[in-house]
Amino acid sequence: MKLLIQKRQSQSALFNLMTPLLCLVLALIVVALFLVMAGVNPFAAYRDVGIEALGSAYGLSETLVQATPLIFTGLGVMLAFRMQLWNIGAEGQLYMGALGATWVALFSGITSTWLMIPMMMIMAMILGGIWAAIAGALKARYRVNEVIITLLLNYIAAGIVKYLVYGGWRDPKGYGFPQTADFPPNAILSTYFDTRLHSGFWISLVLAAILWVFTEKTVWGYELRVIGNNPRAAQYAGMNIQSKTIFVMFLSGALAALAGFAQVSGVVTRLQDNISPGYGFTAVIVAWLARRSAAGVVIVSFFFGIVYVGGDALKITYKLPESFINVFQGMLLFFLLASEYFVNHRITLVREPKTPVAV
Amino acid sequence: MSESFLRLEGITKTFPGVKALDDVSLDVRPGEILTLLGENGAGKSTLMSVLSGLYAPDSGRILLDGKPVQLASPADALSKGIGMVHQHFMLVPNHSVLDNILLAIDNLTFKLDRAALKTRVAAIVSDLGLDLNLDTPVWKLSIGQQQWIEIIKLLVRDTRLLILDEPTAVLTPQEANKLFDFLKKLRAKGSSIIFISHKMREVMELSNRVTVLKKGRSVATVTAGDYDTSKLARLMIGEDEVPTWSKVSHAQPNVLVSVHGIEANNERGTRELDDFYLDIYAGEVLGVAGVAGNGQKALGEVLAGLRKPINGNIRLRSVDVTKDWGNGKHFSIIGHVPEDRKAQGIAPDLTVDENLVLKSYKAPEFCNFIFQKNKAIRDNAKVQVERYDIKAGPSGAKVRVLSGGNIQKVIIARELGIKPELLIALYPTRGLDIGAAGFVHSVIAKAGETGMGTLLISEDLDELLKVSDRIAVMFRGKLVGIVDPTKTTREQIGLMMAGEAPV
């Protein structure tokens, strides 16, 4: 007996849908084991997560607040992944976006209400886009691995923000806290019904819709798929891969940067050095779980909103450490990556064929 | 020359749909260089994979020192003294020469006695008169020197038979000459070598004996002195009758594309096209013959706009298009059936429909501003699938699930779909069965009706003789000559492929 491993000829749609769900279940089971080890009843804990995140209007609004930056970063990462550009620097791009938005809010001197928010968004997109395009340009020009560059740029971006909020941008009236002054009212997104839900959420949904159309319906999305699937065929078909690599990385970074904008303008209303609990990293899992579809990103982001909000509840009621969320995310990514192999290969148990006997 | 120590008898190996080896026999004597000669696809690599333990033969036997043996794996073959040098080196670039060689020794003691081992390796190196510093990291060495290391790795294991699979394919001519000196020294010391090649000059220079493979069969084994280039060419290509084919020529008297003094290099900077001249007439099928690696690929890529020539110019209907050839202006009038259809010609995970518009997705027919006309793309696919009889499976099937012949039909349908003025077809029937190949031939022949010129690059002389209006023969990046397929012989073409100008 031996294992026969073959590349699958085709994958059914049902199979494609079931795989992420199965991964989710497996991750929940493993995390349940850890919960038991921590002396917590996993069923009760999962139920509490659900109640906390979905059981009340406020809980639901908090879930959407957490989902918003994940949609932005998830869309950005998804776009790059479609071209097989492994942008794992959404976290840094988010910080650069927050920085750009903050600069416009505090130092541009814009007084118009109509101009302020769009300018903040544009500046965020430019900075975050350039941040990602650095890796894109190095990849296109010198074949430098974009994974390493985007990853390392994360720390630089976070470092720059830290430098500013501890240094030149620190609020002089802020009792020495490492944060900038509060944004002027025209730089703050409107919120609803006494919750923290802000209009950045709608912006993220609109963007998701636009991206869905672009990736699924346009020539541009087609080119992206061809390049992602077989760069040599793309070149053969006359597509300019180098310029597309830089452009797509720019867009990817610009989208992730909007998460930074949404956080500072909608939630924190100032720049701090801890505006993201790792949305940019979670975005990698979001994009993968969404199978690189814009619509999927919205759904998965909502799910991860639940995880974040529910995780907070676990922290408070069960005194569990924050790293439980990280364990869950890690297990989920682990199963997702492992499942990729089984999606692409068929493994069957076969009897050893008789080796031809020499006559 | 003494008795042979290794003997292969009646080796047969079948892959799904292809009989790669059919009753092949071979023997190797101590201290000789045996060349395995044959066209691409003649079964050379498969045979060597059998001999190095990679494949188990379906039938036949391998005798080592008169005793039948099973070679279960490359490691097993190595332990029995048979080692292979692959075209792709298996070296650790950051490690020194010595460390790379030590990797090959399998009975190392736990505590390395580096000094003793170094002496032993140094002895081999100096014995063969190689210019090789054992402490240099491998990445600093030339490709030729890295190849020596691969060979030394086998020698330290007391390998009796070295198999070299087209070793000169990656070398410059100077490096190749050094390799030949090295191999001759090895032979003088009693090693046996199987040398795989299809380059005549190398075969003539090195071999004690030559075994010729053709279409999976060993057709002859000849001893040095009993053959010359033309005899080998004849054996390799065969003397079958040209299949009859009522060909109608659509050639017109006006020149479509004129290639003038083109020079081009490959990625490694080696010259591939050297002062190359060729005129392609409207409506004709111009065949290009040549042993693989004599510049045909570069010619195809330069014409398709995928590679920039260093020198010379290309004229299309007497307009110089050398500079703007690659950037799209003339791209839409060139059809290109690439050599490696799966790696270059398709996006495997996209659907058949989508692959059929890979060249024309931006045309107004399939695109409205930025939006794709999905219905037009689907309708186009329906038409093409019918016209070219593509077995494409259910609508929406990924192109990767198609058979090789059907993938080729998708590519040809697409390339002819853009109504090109010039079609460049590289080895369009390689790996296809007779039916699919015949279909491809008739499509190419018929497309000339519209005045489209075809450049048919192929290694299959039958195909060239059957389809072409004229046959150009290439050798080392130059045009040797052009012959009329109705007035030439295979022998004549074979000689020209070896670089001898036509009389």
Side-chain angles (χ1 to χ4, degrees), chain A residues 2 4 6-13 15-16 81-84 143 210-244 247 251 291-293 340 343-346 352-359, chain B residues 9-10 12-13 56-63 68-70 72 301 304-306 326-328 331-332 334 336 338 340-351 354-355 357-363 366-374 377 393-394 396-402 411 414:
Chain A
K2 68 171 183 181
L4 183 70
Q6 291 169 310
K7 246 187 138 74
R8 272 181 207 277
Q9 288 294 299
S10 60
Q11 298 125 24
S12 71
F15 198 83
N16 274 335
F81 278 14
R82 279 209 162 213
M83 216 177 113
Q84 305 215 349
R143 296 192 195 171
I210 293 175
L211 270 168
W212 183 81
V213 171
F214 259 83
T215 50
E216 305 289 341
K217 299 286 171 199
T218 67
V219 167
W220 192 74
Y222 174 78
E223 287 182 337
L224 222 60
R225 266 178 296 147
V226 174
I227 298 174
N229 189 233
N230 185 357
R232 277 188 70 195
Q235 197 175 23
Y236 154 85
M239 298 174 191
N240 188 336
I241 297 176
Q242 292 200 351
S243 67
K244 286 246 156 46
F247 181 63
L251 270 189
R291 302 203 73 89
R292 294 181 252 177
S293 119
E340 200 70 359
V343 169
N344 290 323
H345 296 83
R346 177 190 301 278
E352 190 84 39
K354 287 244 187 308
T355 38
V357 184
V359 203
Chain B
E9 286 175 356
T12 299
K13 175 79 190 170
D58 298 338
S59 63
R61 59 180 189 165
I62 302 169
L63 296 164
V69 288
Q70 299 260 5
E301 288 188 352
L306 293 175
N327 62 13
F331 202 71
S332 56
I334 308 282
H336 179 202
D340 194 342
R341 62 184 80 106
K342 281 184 186 164
Q344 198 176 9
I346 54 163
D349 285 322
L350 271 60
T351 63
E354 288 174 314
N355 270 283
V357 293
L358 192 58
K359 276 286 178 66
S360 49
Y361 65 97
K362 271 186 184 162
F366 300 119
C367 163
N368 182 3
F369 178 43
I370 55 165
F371 295 99
Q372 289 197 295
K373 292 183 183 169
N374 284 327
I377 291 173
K398 288 177 180 176
V399 80
R400 66 190 290 176
V401 308
L402 269 55
I411 293 171
R414 176 183 73 215

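Because the structure is predicted, anything quoted here is derived from the model rather than measured. The basis for the numbers below is simple: all heavy atoms, side chains too, and nothing from hydrogens, waters or symmetry mates. Proteins come first, then strands; the chains are lettered A, B, ... in the order of their sequence lines, and each starts at number 1.
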Does any heavy atom of chain A fall under 4.5 Å from the side chain of B:Lys373, the backbone, both, or neither of them?
-> neither
Does the side chain of A:Val226 come within less than 4.5 Å of B:Tyr361's, by heavy atoms?
-> no
Can you tell which of B:Pro338, B:Cys367, B:Ser360 has the highest number of heavy-atom pairs within less than 4.5 Å of chain A?
-> B:Pro338
Note: B:Leu350 and B:Asn355 closest approach over all heavy atoms is O-ND2, 3.3 Å
Side chain, backbone, both or neither: which part of B:Ile411 has a heavy atom under 4.5 Å from chain A?
-> side chain
Within a strict 4.5 Å, meaning less than it, do heavy atoms of the B:Lys362 and A:Glu223 side chains meet?
-> yes
Pick one of side chain, backbone, both or neither for B:Asn374, based on which atoms fall under 4.5 Å of a heavy atom in chain A.
-> side chain
Chain B interface, residue from A:Asn240, A:Val219, A:Asn229 that has the most non-hydrogen pairs under 4.5 Å = A:Asn229
Here the gap from B:Gln344 atom CD to A:Gln235 atom CD, rounded to the nearest 0.5 Å, amounts to 8.0 Å
Could you tell me whether the side chain of B:Lys342 reaches within less than 4.5 Å of the side chain of A:Asn230, counting heavy atoms only?
-> no
